[in-house]
Amino acid sequence: MLSDAQEELKKRVLKILDLLEKEHPDARIALKFSNPLELLVATILAAQCTDERVNQVTRSLFKKYRSAEDYARADLATLEHDIKPTGFYRKKAQRLKEVCQILVEKFNSEVPRTMEDLLSLPGVARKTANIVLSNAYGVNEGIIVDTHVLRLAKRLGLTQSKTREKIERDLMEIVPREKWGRFADLLIFHGRRVCNARKPKCEICVLKDLCPSRATFST
DNA sequence: CTCCCGATAT
DNA sequence: ATATCAGGAG
C-alpha cells in the first residue's frame, strides 16, 4: 500500500542520497578488514565502541588470530586481554570464541553468506549480519540500522517507529534496494562528521533545508 | 528494561 | 557529572 506520504518520503530519500553522495563521495565503512572473518570480528568488537578504537585493537589482533580455529581454541583470559580496550571485553571475548567454535563445527570455518545462518550465531543480530553481508559479500538482505542510521533516520523524519527492526523495515520500503548499502554508508559517515548525537553541526549540513529537526538543533 | 565496559566529549 | 561510542542478550 503506497500512500502519498510514502511517495513523498521516497523522493526525500533520493534527494538525501544525492546530496550526501556529493558531500561524502568517499564515505565507506571505517572498520579495517581484509576478509569476511576479520569484518565479523571487527563488527562484534564495535558494539558501543568507536571504530577508531576497534581498528587500533584489530591491527595487532588480526596478526595473532588468523583463522576461526585460532579464536576457537584461544585461552579466554588471553583473548579478553587482547580486546580489552573495546569495552564489554568479557562478553565480547566469550562471543568471539563461541562464534568461531560454531564456524569451525558447522560452517567449515567460514563466515556464512546468508542472513539466517549469521543470525544463528551468538552475539550476531541484524545490524552485524547486515554489515557482513553488505561489506564482505555485497549482498543486500536488509539495511544496516546502527546508532547513526537510527538517529539520522529519526531526525530526517524518515521513520516514526521506535525499534530498530521496525525502522529497518520502514527504510527498506522507501530506499531503492540497490542503494541500501550506500544509504547506510552515507548516513553513518554523515552522522559521524556532521549530524553528531551530542552537538549536530546544522549550520554546515547539506541536508538542513530538508531536515525537520533543524530548528531544534540550530544555535 | 538492564547489564555488559571503559575512554572521551561536553 | 553525564551522554555517547558502527549492540545484543536476558
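Protein chains get the first letters and strands the later ones, always in sequence-line order, with residue 1 at the start of each.
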Review point. If you pin A/Thr43 and A/Pro122 to their nearest nucleotides in DNA chain C, which one's is more 5'?
Key: A/Thr43
**Study point:** Listed partners of A/Thr147 passing side chain to side chain contact (heavy atoms under 4.5 Å, CB included), at least two apart
**Key:** A/Arg151
Review point. Heavy atoms under 4.0 Å, any strand shown: does A/Ala30 hit a base, just sugar-phosphate, or nothing?
Key: base
Review point. Please, which pairs that meet ring pair (Phe, Tyr, Trp, His ring centres under 6.0 Å) have at least one residue in residues 82-131 of chain A, sequence neighbours excluded?
Key: none
Practice item. Check every nucleotide of DNA chain B for an atom under 4.0 Å from a heavy-atom of chain A, then give the first and the last such nucleotide from 5' to 3'. Key: B/dC4 to B/dT10
**Study point:** Rounded distance (Å) that lies between atom P of C/dC5 and atom CG of A/Asn196
**Key:** 9 Å
Revision key, fill the gap. By salt bridge (Lys or Arg N to Asp or Glu O under 4.0 Å), A/Lys64 pairs with (sequence neighbours left out) A/Asp82
Study note, to complete from the structure: Residues pairing under ring pair (Phe, Tyr, Trp, His ring centres under 6.0 Å) where one sits in residues 110-148 of chain A, two or more places apart or in two chains, turn out to be none
Point to revise | Sidechain N-carboxylate O distance under 4.0 Å for A/Glu168, A/Arg126 | key: yes
Exercise for review: Scan for salt bridge (charged side-chain N to carboxylate O under 4.0 Å, His left out) pairs involving residues 68-79 of chain A, sequence neighbours excluded, and state none if there are none.
Suggested key: A/Asp70-A/Arg73
**Study point:** No-hydrogen, no-angle side-chain donor-acceptor test under 3.5 Å, A/Asp170 and A/Gln160
**Key:** no
Review point. Over how many whole Å does the gap from A/Phe88 atom CZ to C/dT4 atom P extend?
Key: 14 Å
Practice item. Determine which pairs satisfy salt bridge (charged side-chain N to carboxylate O under 4.0 Å, His left out) with at least one residue from residues 91-102 of chain A, sequence neighbours left out, and list them in order. Key: none
Exercise for review: Could you measure between the two P atoms, the one in C/dA9 and the one in B/dA7, and give it in whole Å?
Suggested key: 25 Å
Review point. Over how many whole Å does the gap from A/Arg28 atom CZ to C/dA6 atom C1' extend?
Key: 13 Å
Practice item. Give the rounded distance in Å between these two atoms: CG of A/Leu31 and C1' of C/dC5. Key: 12 Å
Check your understanding: For residues 17-33 of chain A, which residue pairs qualify under salt bridge (charged side-chain N to carboxylate O under 4.0 Å, His left out), counting only residues two or more places apart or in two chains?
Key -> A/Asp18-A/Lys22, A/Glu21-A/Arg182
Review point. If you measure from the P atom in B/dT10 to the same atom in C/dA6, how many Å do you get, rounded?
Key: 14 Å
Review point. What's the CD1-P distance between A/Ile44 and C/dG7, to the nearest Å?
Key: 13 Å
Check your understanding: So, is A/Arg151 close to the C/dC5 phosphate, meaning a side-chain N or O under 4.0 Å from OP1 or OP2?
Key -> yes
**Study point:** Pairs touching residues 164-201 of chain A that satisfy ring pair (Phe, Tyr, Trp, His ring centres under 6.0 Å), sequence neighbours left out
**Key:** A/His24-A/Phe189, A/His24-A/His190
Study note, to complete from the structure: Across all chains, not counting sequence neighbours, the ring-ring contact (aromatic ring centres under 6.0 Å, His included) partners of A/Tyr65 are A/Tyr71
Exercise for review: Figure out the CG/C1' separation between A/Asn130 and C/dA6, and round it to whole Å.
Suggested key: 12 Å
Review point. Is there a side-chain polar atom (N or O) of A/Thr128 under 4.0 Å from OP1 or OP2 of C/dG7?
Key: no
Practice item. Considering only atom C1', compute the distance from C/dT4 to B/dC4 and round it to an integer number of Å. Key: 15 Å
Point to revise | Gap between atoms CG and C1', on A/Leu133 and C/dA6 respectively (whole Å) | key: 15 Å
Check your understanding: If we only count heavy atoms from C-beta on, is the A/Pro212 to A/Arg12 side-chain gap below 4.5 Å?
Key -> yes
Point to revise | Residues within residues 89-107 of chain A bordering DNA chain B, heavy-atom distance below 4.0 Å | key: A/Tyr89, A/Arg90, A/Lys91
Practice item. Grab the CD1-P distance between A/Ile83 and C/dG7 for me, whole Å please. Key: 15 Å
Check your understanding: Where along residues 45-64 of chain A does a heavy atom fall under 4.0 Å from DNA chain C?
Key -> A/Ala46, A/Ala47, A/Gln48, A/Cys49, A/Thr50, A/Asp51
